[in-house]
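Only heavy atoms go into these numbers, but all of them, side chains included; no hydrogens, no water, no symmetry mates. Everything quoted here is computed from the prediction, not taken from an experiment. Count residues from 1 along the sequence.
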Amino acid sequence: MESLKLSKKELLNLYNSELDELLEKSSKFVKDEVEFCSIVNARSGKCSQDCKYCAQSSHYRTHIETYPLLDKNEVEKAEKEAKTFGAHRFAVVTSGKNPAEEDFHKVLSLVDVLNSVEGMNSCASLGILDDEMAKKLSEHGLKRYHHNINTCRSYYPEICSTHTFDERVKTCKLVKKYGMELCCGVILGMGETVEQRIEMAMELAEIEPDSIPINILMPIPETPFEKYHDKIDEENILRTLAVFKIANPNAVLRFCGGRMRLSDENQRLALKTCVEGIMIGNYLTTIGKEPSEDIAMVKELGKKIK
């Protein structure tokens, strides 16, 4: 499907149009199937970066459980469990700016484990990559790499000071350079303006990811954003999802962390009009829905689980 390449003004006009009309436009790009994926938090906490939303940053005292890299058996068990709930993609996710050199060979062995489970597609989210790391992941058969831009370029300095927006974009380019699929998305509700949500949609369109995970901020106590409960409401979440889909018709928009801030009714509405993927189960440090509930919801909507 050819991208529409709409201007910022055109996308902003769409964003501000009648909600029913906007969702009708975005629904034209949505298939009758929903893709399930899942993750395992393979190394938790003690991250050196100061991302203001994150429970895993060592800059904040969030009292989460921290632990080193999981072993192969734990990761394989989690992947096989996800498969029983209809997931076809499974990711190892590790905290930190980038893969620690002393752990990287272990990470590669985890990728081998992911690839050993029949019917599953391997994914990883390991932070910022250099050229050699991206090459090695590709050589080990990693199918898809996840690395969010989190917000737009103009707002990024308000989110993090320990790395840049351009470092994130560079990693996205390396993933594509070595032939892996790219999963790249955002976190909504961190204080960005409507115009900056449009900028996110356009910057993602330039990157051209295969999948766009949509996270909605779940304010974590003891982080700088702990009181950001009211920075976006349900209607504006739906508007943002619709504009993202129109600007990125070839990418799978995916519900990820924070979707529980949407009512069941609006989750269903989004799945009918702009969202084609769900990360099932729990997230990194927050709780999601029971997979059986997501299976039932998708079936009630008359859609297939891909």
Rounded at 0.5 Å granularity, tell me how far OG in S26 sits from CD1 in I246. 5.0 Å

Identify whether the distance between the nearest side-chain nitrogen and carboxylate oxygen of K52 and E226 falls below 4.0 Å. no

Looking at residues at least two apart in the chain, or sitting in another chain, which of them share a side-chain hydrogen bond (donor to acceptor under 3.5 Å, both in side chains) with H140? D112

Who are the side-chain hydrogen bond (donor to acceptor under 3.5 Å, both in side chains) partners of S125, not counting sequence neighbours? H146

Lys/Arg-Asp/Glu bridge criterion (N-O < 4.0 Å) met for R239, E235: yes

Side-chain donor-acceptor contacts of residues 296-306 below 3.5 Å, not counting sequence neighbours, with atom names and distances?
| residue | atom | partner | partner atom | Å |
| --- | --- | --- | --- | --- |
| E300 | OE1 | R268 | NH2 | 2.7 |
| K303 | NZ | K31 | O | 2.9 |
| K303 | NZ | L271 | O | 3.4 |

Restricting to side-chain hydrogen bond (donor to acceptor under 3.5 Å, both in side chains), what partner residues turn up for E276, sequence neighbours left out? K245

Basic-acidic side-chain contact under 4.0 Å: E76, K80: yes

Looking at E199 and R153, is any side-chain nitrogen of the basic one under 4.0 Å from a carboxylate oxygen of the acidic one? no

If a pair satisfies salt bridge (Lys or Arg N to Asp or Glu O under 4.0 Å) and one of its residues is in residues 129-138, list it, with sequence neighbours excluded. D131-K177

Under 3.5 Å, is there a donor-acceptor pair between the Y53 and N150 side chains? yes

Side-chain touch V252/I212, heavy atoms, less than 4.5 angstrom: no

Whether K8 and E195 form a salt bridge (side-chain N of Lys/Arg under 4.0 Å from carboxylate O of Asp/Glu) is what I want to check. no

Which of these passes side-chain contact (heavy atoms from CB on, under 4.5 Å) with L69: T94, V92, V75? T94

Can you see whether H88 engages E35 through a side-chain donor-acceptor pair at a distance of less than 3.5 angstrom? no

Got a list of side-chain donor-acceptor pairs under 3.5 Å for residues 183-192, not counting sequence neighbours?
| residue | atom | partner | partner atom | Å |
| --- | --- | --- | --- | --- |
| E192 | OE1 | G189 | N | 3.4 |
| E192 | OE1 | M190 | N | 2.9 |
| E192 | OE2 | G189 | N | 2.9 |
| E192 | OE2 | R197 | NE | 2.9 |

